[in-house]
Every structure is written in C-alpha cells, then in structure tokens.
Amino acid sequence: MRIFSGIRASGDKTLGNYSGGFRQYATTQEQGEAFFCIVDLHSITTTHEPEALRESTLSLAAMLFATNLDPERSTVFAQSHVRAHAEAAWLLGSVTSFGELRRMTHFKDRSEQQEFVSAGLFAYPVLMAGDILLYGTDIVPVGDDQRQHVELTRDIAERFNSRYGETFVVPRGVYPEEGARIKNLQEPERLMSTSAGNPQGVVRMIDEPDVIRKKFKTAVTDSGREVRHDPEPKPGISNLLEIMSVASGKSVPVLEARYDGAGYGEFKTDVGEAVIELFAPIQERYRELRADEGELRRLLGLGAEKARQASAPTLTAMYDRMGFVR
Ligand code: ATP
Ligand code: MG
C-alpha cells in the first residue's frame, strides 16, 4: 500500500497538526510504503518571507523525524526538490474546473484573511492533487480540514482516467477518529492553525511547558459545569476532551467518566499536563535534530532521490497519455 501526506512549511506546527498530521504519519508508515512531503511550494501561496521559509522547511524536517518518521523506512522530502510536482500541477490544471476550485471553503476562508489573494492560493488544490496522485497513493492521512481537497483529488483522478485512460490510483482520505479537527483554545468555533487565529489559543509543539500550562489554564470553557462531549452547546470542553484523548490515549467516554463531578479547573490543568508530557520527548529529539543542519539536508537529499524515482513513471505516463511528443 502507498501512503502520501503533505505538510506546509509555515511557522511552528501546532497541536492540531500533531493530531491530524504527525501522529497519523507515524502510525501509517508501518502499513506500507509511505511518502511524507514538506510542501514548500504551497508555502508561497500566502505572503511569505524567504528567510522564514528556509527556517520552517528545516525545522519541519526536524519535527517529522522527531515524531518518529524513520528515514530508512519512509520517504521524507521537500516538494520543491522534486520537479514532477510543479509539472503535474500544470497538467492537472487542465482537468480541474474553475467552478470546482471556487467552491473550496479553504480558499474562501484564506482569501478573506489576505490583502493580496494570489493565483497560487486559488490553484493550490491542483498542486495538492498532483502531490498525491504522482505516487500511486492509496491512502492520505490528514485532518478533517483537508477532506474537501482529498475529494477533489479523487474527482480529478477519475476525470483524467476517463479522458486519457487508467493512469491514477484513486486515493482515499484517512481521518483520525478523535482529534481530526482541533480547535483554537480561545476561539473553540475556529480551527487551531499554524498561521491564523488568537495565538494564545494555539498550542505549538515547541512551546515551553509553562507556556502550554498557561494556554490550557486560560482556555475558554462553556457555561455549565459538566465535563461532557457535546460540541454544539459545549465547544470548549468538547475540544479539550478530544485533546485529552489524543494526549492520553484514553477514549472520550472513559475521560467523561473519569472527570464526572470534577470541576473545569481540575480538568483543564490535567489536559495541560498531559500535553506537556506528550511533547516533552518530541521536543528533546527535535532540539537535537534541528541543531544538525547538515544531517537534515542530507536526509532531505536522500528523500528527494527516492521521491524522484517513485514519481517519474507517473509523470511520464501523464505526458504520454495527454499526447505530448516525448
Ligand atoms: P497553515 O496555516 O500554514 O496552512 P496548518 O496548521 O493548516 O498550516 P497544514 O500544514 O496545512 O497546517 O496541515 C498539515 C496537516 O495538519 C494536515 O493533514 C491538516 O489536515 C492537519 N491539521 C491542520 N490543522 C489541524 C487541526 N486543527 N486539527 C487537526 N488536524 C489539523
Ligand atoms: Mg493548512
């Protein structure tokens, strides 16, 4: 089985990314041949600083290895190192409609936050479709916010296959049961994101323990006193329950029973401590890996070589079937 997932090089990754991304990568790499891509070409779809892009690419590489991706087993690489991605995006643009892209809620949300809405921001789901399809991917482990893009990828694959002949495997998204949509601790109606929302409600994977503790202590809760999972009336507590489930490995019902009769204060303190404990060993490995830039570049080089080999036959088939003279 082939597994592919991409993650944007954009600032310090969050507890949301851990839950929908890193955590799933480490478990799915055991199930087959896995490709994890630092999607640096996606990073330039919103305004970016060149120096910050370099920094986030390297720090993201360190974080991927710190969360247990094994470079011997999985292919971890940067998108811009493999030209096939940019080429596939152009070719697939011809089998994607303007109407489909205009319907993407991600684009609607993001474009509202930008002063300058780039053409790249609009077209980015096509680049993402190419990322996935180039590797004959069967499953795509992602968070729930990527569901619409994975569905579009499937539509693009089917359309290409029916116009030009069977070329692509039609991939399937895989979403975690708990924690597929971690919310901002200050704005529980809004997704926790690397690059938007109240920063006090965004828990970063490299936050110091005291910072994490404080973010959970000040997390917004709901009226009432019961620690119960019921997202409509209790978005804050439901979010904290999901976070506790991700951090402790216990199911939401087990946690509800454990905190039956306890106050919000005790519960929030415990969630903070569980997250600190979860991230402590990751942070330690991260600091070691990040300090050795030469080694990170070497590992990314190895990943790029493997990714180039794995994607080349698909790109060639795309050009052939579309009628390009080769
Ligand atoms: P950016 O704001 O730069 O887009 P991001 O936080 O949205 O950053 P991505 O790199 O776009 O992060 O996403 C990486 C992975 O993390 C994806 O699989 C995405 O679905 C997942 N993810 C992002 N935010 C959350 C969240 N709040 N809860 C669960 N999964 C999430
Ligand atoms: Mg994102």
Side-chain angles (χ1 to χ4, degrees), residues 3-28 34-49 52-53 55-57 59-61 63-64 67 69 76 78-79 104-114 118 120-121 124-125 127-128 131-132 137 139-153 171-199 201-206 231 235 238-243 245-247 275:
I3 299 137
F4 179 96
S5 197
I7 181 160
R8 233 162 88 109
S10 58
D12 300 328
K13 290 296 171 183
T14 72
L15 175 61
N17 300 128
Y18 175 78
S19 182
F22 297 99
R23 179 172 68 118
Q24 291 210 91
Y25 309 155
T27 51
T28 49
F35 296 81
F36 299 108
C37 182
I38 298 172
V39 291
D40 50 0
L41 296 175
H42 288 273
S43 306
I44 62 168
T45 57
T46 49
T47 314
H48 84 288
E49 298 291 337
L53 176 58
E55 167 56 33
S56 20
T57 304
S59 62
L60 186 50
M63 191 54 90
L64 287 164
T67 50
L69 290 188
V76 178
Q79 189 181 31
M104 295 294 122
T105 54
H106 200 273
F107 173 72
K108 290 186 211 166
D109 294 347
R110 274 287 156 95
S111 55
E112 276 168 19
Q113 299 158 16
Q114 309 298 318
S118 71
L121 184 65
Y124 121 80
L127 180 60
M128 173 166 163
D131 297 342
I132 297 168
T137 302
I139 64 164
V140 188
V142 280
D144 201 57
D145 63 302
Q146 293 299 327
R147 196 178 282 270
Q148 205 184 16
H149 295 151
V150 175
E151 289 307 309
L152 177 65
T153 300
R172 177 169 65 80
V174 172
Y175 311 91
E177 264 170 52
E178 312 275 11
R181 211 169 240 284
I182 299 292
K183 308 289 181 13
N184 185 303
L185 302 186
Q186 293 296 321
E187 304 165 289
E189 61 294 334
R190 163 178 206 162
L191 209 64
M192 186 181 287
S193 153
T194 311
S195 50
N198 183 337
V202 178
V203 179
R204 297 182 188 273
M205 292 172 74
I206 56 162
S238 301
N239 187 38
L240 291 171
L241 270 167
E242 292 202 27
I243 292 171
S245 173
V246 169
V275 170

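Just the heavy atoms: all of them, side chains too, but no hydrogens, waters or symmetry mates, feed the values below. Note that ligands are numbered from 1 as they come in the structure, with each ligand's atoms numbered from 1 the same way.
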Other residues, nucleotides, ligands: >12 heavy atoms within 6.0 Å of E49 CD: no

Distance-only polar pair, side chains of T105 and Q148, donor-acceptor under 3.5 Å: yes

Atom 20 (O) of ligand 1 - nearest protein heavy atom and its distance: D145 OD1, 2.6 Å

Steps toward side chain to side chain donor-acceptor pair (under 3.5 Å) verdict (N17, T14): CA-CA 5 Å; N17 300 128; T14 72; 3.2 Å; yes

Minimum heavy-atom distance between Q114 and L121, given as atom pair plus value: CG-CD2, 4.2 Å

For atom 31 (C) of ligand 1, the protein heavy atom that lies nearest, with its residue and separation: G16 O, 3.3 Å

Closest protein heavy atom to atom 7 (O) of ligand 1, given as residue, atom name and distance to 0.1 Å: R110 NH2, 4.3 Å

S5 and ligand 1 - part of the residue with a heavy-atom distance under 4.0 Å: neither

Location of contacts on K183 toward ligand 1, heavy atoms closer than 4.0 Å: neither

For atom 13 (O) of ligand 1, the protein heavy atom that lies nearest, with its residue and separation: N17 ND2, 3.7 Å

R8 side chain to T45 side chain, donor-acceptor N/O pair below 3.5 angstrom: yes

From CA spacing to verdict: side chain to side chain contact (heavy atoms under 4.5 Å, CB included), Y175, V142: CA-CA 6 Å; Y175 311 91; V142 280; 3.6 Å; yes

Heavy-atom pair of closest approach, residues G16 and I182: CA-CB, 3.9 Å

M192-ligand 1 polar pair, N/O distance under 3.5 Å: yes

Full working for side chain to side chain contact (heavy atoms under 4.5 Å, CB included) between R181 and N239: CA-CA 9 Å; R181 211 169 240 284; N239 187 38; over 6 Å; no

Ligand-side contact atoms (ligand 1) for residue partner G179, heavy atom cut-off under 4.0 Å: 29 (C)

Proximal ligand 1 atoms for T194, defined as those under 4.0 Å from one of its heavy atoms: 2 (O), 5 (P), 6 (O), 8 (O), 12 (O)

Flag, side chain of E151 to backbone of R147, donor-acceptor distance under 3.5 Å: no

Enumerated ligand 1 atoms positioned under 4.0 Å from heavy atoms of G20: 29 (C), 30 (N)

Distance from atom 28 (N) of ligand 1 to nearest protein heavy atom, with residue and atom: I182 N, 2.9 Å

Contacting atoms of ligand 1, where contact means under 4.0 angstrom from a heavy atom of L191: 27 (N)

Ligand 1 to Y25 polar contact by distance, N or O atoms, under 3.5 Å: no

Interatomic spacing from CE in M63 to CG in L69 - rounded to 0.5 Å: 11.5 Å

Numbered atoms of ligand 1 (with element) below 4.0 Å of S10, judged on heavy atoms: 1 (P), 3 (O), 8 (O)

Atom 9 (P) of ligand 1: the protein heavy-atom neighbour that sits closest, reported with distance to 0.1 Å: K13 NZ, 3.8 Å

Option set R23, R190, R8, criterion heavy-atom distance to atom 11 (O) of ligand 1, minimum: R8

Per-atom contacts, ligand 1 versus S195 - under 4.0 Å to a heavy atom: 1 (P), 2 (O), 3 (O)

N or O pair under 3.5 Å between G143 and ligand 1: yes

Partners passing side chain to side chain donor-acceptor pair (under 3.5 Å) against E242 (at least two apart in sequence or in another chain): H229

Contact with ligand 1 for H42, non-hydrogen, under 4.0 angstrom: no

Pairing residues for D131 by the side chain to side chain donor-acceptor pair (under 3.5 Å) criterion, not counting sequence neighbours: H42, Q79, H85

Distance filter under 4.0 Å to I7 heavy atoms, resulting ligand 1 atoms: 10 (O), 14 (C)

Under 3.5 Å: donor-acceptor pair, side chain of T153, backbone of H149: yes

Any N/O pair S19/ligand 1 closer than 3.5 Å: no

